[in-house]
Amino acid sequence: MDMSKLLQRGDYEWELPKQGSMRVPGILYASRRLIETMDNKVLEQVRNVATLPGIVGASYAMPDAHWGYGFPIGGVAAFDPEEGGVVSAGGVGFDISCGVRLLRTGLALNDVRPVLPELMDALFNTIPAGVGSCGQIHLNDLRMSEMLRGGARWSVEQGWGRPEDLERIEENGRMAGARPENVSRQARRRQCDEMGTLGSGNHYLEVQYVEAVMDREIAASFGLRTGEVVVSIHCGSRGLGHQIGTEFLIEMAKAAKNSGIPLADRELACAPATSTVGQLYLGAMRAATNCAFANREIISHLARQTFSEIMPGAKLPLLYDVSHNTCKEETHLINGKETRLLVHRKGATRAFGPGHSDLPPAFRESGQPVLIGGSMGTASYVLAGLAENESKSLGSACHGSGRAMSRRQARRLWQGRKVVDDLRGHGIHVRSPSMRGVAEEAPDAYKDVDEVAKATECARLARRVARLRPLGVVKG
DNA sequence: ATGTCC
């Protein structure tokens, strides 16, 4: 990255000063090394987002930021609807409400290792993965609407999940304001056989163990102990979210033009939040959020069934489920005034700190679990939100290690089969329908997750709680 | 991310 455009505000904070048509400055949180290796495109996209109507505070980039569609992945931007603020489909991302959840198992590493190959085969056979994968659940139009309105609550009602999971999902597993009637026939059709499927790309189910605990008190309150096996699930709203994103990008391109919003990049397509298109998108996007919540709940149910067959008595309680591709209505303190905002987090995780009123009682003292997915061969992290991030990043943190290179570049450098064999040599069992997908997801195609997690803590966005090591991966 | 170009 061209460092000459940035002012260093702290060891882990960099400002892109307001200039030209920018309405607010850009703020990037990262170590010098992470900033240096970031694509110049990230800075350009942070700048572009800062020009959009109604943006408040700043256009933010998290330590894992990289180049995305219009908005950077690892970007946070909030807009005030009463000041002409916009909503943007590209600011949410194609995979609406993509997110991570973490299940504890109560099992020790040594109990699981002997059955690991068998366990991974069973998980791979039970949980459909890959592009266009279909599941056992088929939804007609009526049930589709119920799912889109009910989210994870609907899954639980159908018998695919447990009632006690719900308070451990953002929004209690059901996003209010969902408008199933705003979801097109095409989006519904793409989703009708895809519930309970993982999808492709960077989506996965990983069996991991707690390798190290950084904050003993919070780890204990989360029920995480060194050597315990956990399961992480990373996926989103599948074909439905993608279709909604695609359709509304077109509608928003028109809406921006009609509303006279100048776009620095056509990928920034957006509509005033109070406009017809803006409201239609919010209703559809919230329905897609419920689809993602429902999907992760069903996948958890399948994982629980599989575990109980191989490890009788294993319960797999949910620690937390949080999205990292969202636009949410939240109240934040802006210039000393409580303001209702539309907060876009694209490849960024909500990370509310201790005492936040939106958190369930279980996390009021610790702050919200922040689930950070690494790449296949490296680590994942559990962090906890910090109250001081409210004024820094509107209560947000990073979402993963972030890609360090394009998929095409990764395919040129590695062969999927060899990646699987290398990981097997490190004790990690990979199951995937696509060796091409595995090559694209090779561990070295990602940034160093340890450095990203450290920068997130040093920037005071979240506190590191535990480091997770993969044992087995089902990869889409 | 994605019925990876209806």
Side-chain angles (χ1 to χ4, degrees), chain A residues 45 64-75 88-100 128-135 137-139 144 183-205 233-250 252 267 269 281 284-285 287-289 291-293 295-296 299 322-327 344-349 373 375-376 399-412 416 432-442 445-446 474-476:
Chain A
Q45 294 191 323
D64 55 340
H66 54 112
W67 178 15
Y69 186 95
F71 288 52
I73 297 163
S88 169
V92 172
F94 279 93
D95 190 5
I96 295 168
S97 199
C98 182
V100 184
V131 180
S133 49
C134 293
I137 299 168
H138 311 287
L139 299 185
M144 176 71 67
V183 176
S184 70
R185 186 185 295 269
Q186 177 83 320
R188 289 160 175 263
R189 193 180 59 72
R190 284 182 66 173
Q191 193 61 29
C192 63
D193 300 321
E194 287 196 340
M195 294 309 293
T197 67
L198 211 44
S200 64
N202 63 5
H203 290 167
Y204 59 75
L205 178 146
I233 295 166
H234 176 211
C235 64
S237 54
R238 308 287 287 106
L240 182 130
H242 188 267
Q243 185 65 30
I244 291 171
T246 304
E247 290 168 7
F248 275 95
L249 276 168
I250 297 165
M252 286 180 173
E267 294 184 356
Y281 176 72
M285 185 225 29
T289 298
C291 176
F293 287 157
N295 194 32
R296 290 196 287 270
I299 291 172
V322 63
S323 303
H324 50 232
N325 277 2
T326 61
C327 172
H344 294 63
R345 295 192 182 90
K346 180 183 184 182
T349 308
S375 61
M376 285 188 289
H399 85 305
S401 44
R403 290 200 76 89
M405 67 177 72
S406 70
R407 293 186 174 276
R408 177 195 289 267
Q409 202 175 347
R411 277 203 304 276
R412 252 201 338 256
S432 175
S434 165
M435 282 308 116
R436 171 178 160 170
V438 169
E440 292 177 352
E441 292 290 317
Y446 281 83
V474 177
K475 194 78 190 169

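All heavy atoms count here, side chains included; hydrogens, waters and symmetry mates do not. So that the names make sense, note that chain A is the first sequence line, chain B the second, and so on, each numbered from 1.
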- Message: Over all strands shown, is S200(A) touching base, sugar-phosphate only, or nothing at heavy-atom distances under 4.0 angstrom?
- Response: base
- Message: Nearest whole Å is fine: how far is dT4(B) P from R436(A) CZ?
- Response: 10 Å
- Item | Nearest-Å distance for atom pair CG/P, residues D193(A) and dT2(B) | 16 Å
- Message: What is the separation between atom CZ on R189(A) and atom P on dC6(B), rounded to the nearest whole Å?
- Response: 11 Å
- Item | Along DNA chain B (nearest heavy atom to each residue), the more 5'-positioned of S434(A) and R407(A) | R407(A)
- Task: Using atom OH of Y69(A) as one end and atom P of dT2(B) as the other, report the distance to the nearest whole Å.
- Result: 17 Å
- Query: With a 4.0 Å cut-off, would you call E194(A) and R189(A) a salt bridge?
  - Reply: no
- Separation of atom CD in E247(A) from atom P in dC6(B), rounded to whole Å: 14 Å
- Query: Can you list the residues that meet the side-chain contact (heavy atoms from CB on, under 4.5 Å) rule with A269(A), with sequence neighbours excluded?
  - Reply: L249(A), M252(A), A253(A)
- Query: NA contact type, G201(A), heavy-atom cut-off 4.0 Å: base, sugar-phosphate, or nothing?
  - Reply: sugar-phosphate
- Task: Please report, rounded to the nearest Å, how far the C1' atom of dT4(B) is from the CD atom of E440(A).
- Result: 9 Å
- Message: From CG of N295(A) over to P of dT2(B), roughly how many Å is that when rounded to an integer?
- Response: 10 Å
- Query: Rounded to whole angstrom units, what separation is found between the CG atom of D95(A) and the P atom of dT4(B)?
  - Reply: 15 Å
- From CA spacing to verdict: ring pair (Phe, Tyr, Trp, His ring centres under 6.0 Å), H234(A), H399(A): CA-CA 11 Å; H234(A) 176 211; H399(A) 85 305; 7.4 Å; no
- Query: Reckon G236(A) touches a base, only the sugar-phosphate, or nothing at all at heavy-atom distances under 4.0 Å?
  - Reply: nothing
- Item | Sequence-distant partners of S184(A), side-chain contact (heavy atoms from CB on, under 4.5 Å), two or more places apart | Q186(A), A187(A), Q243(A), E247(A)
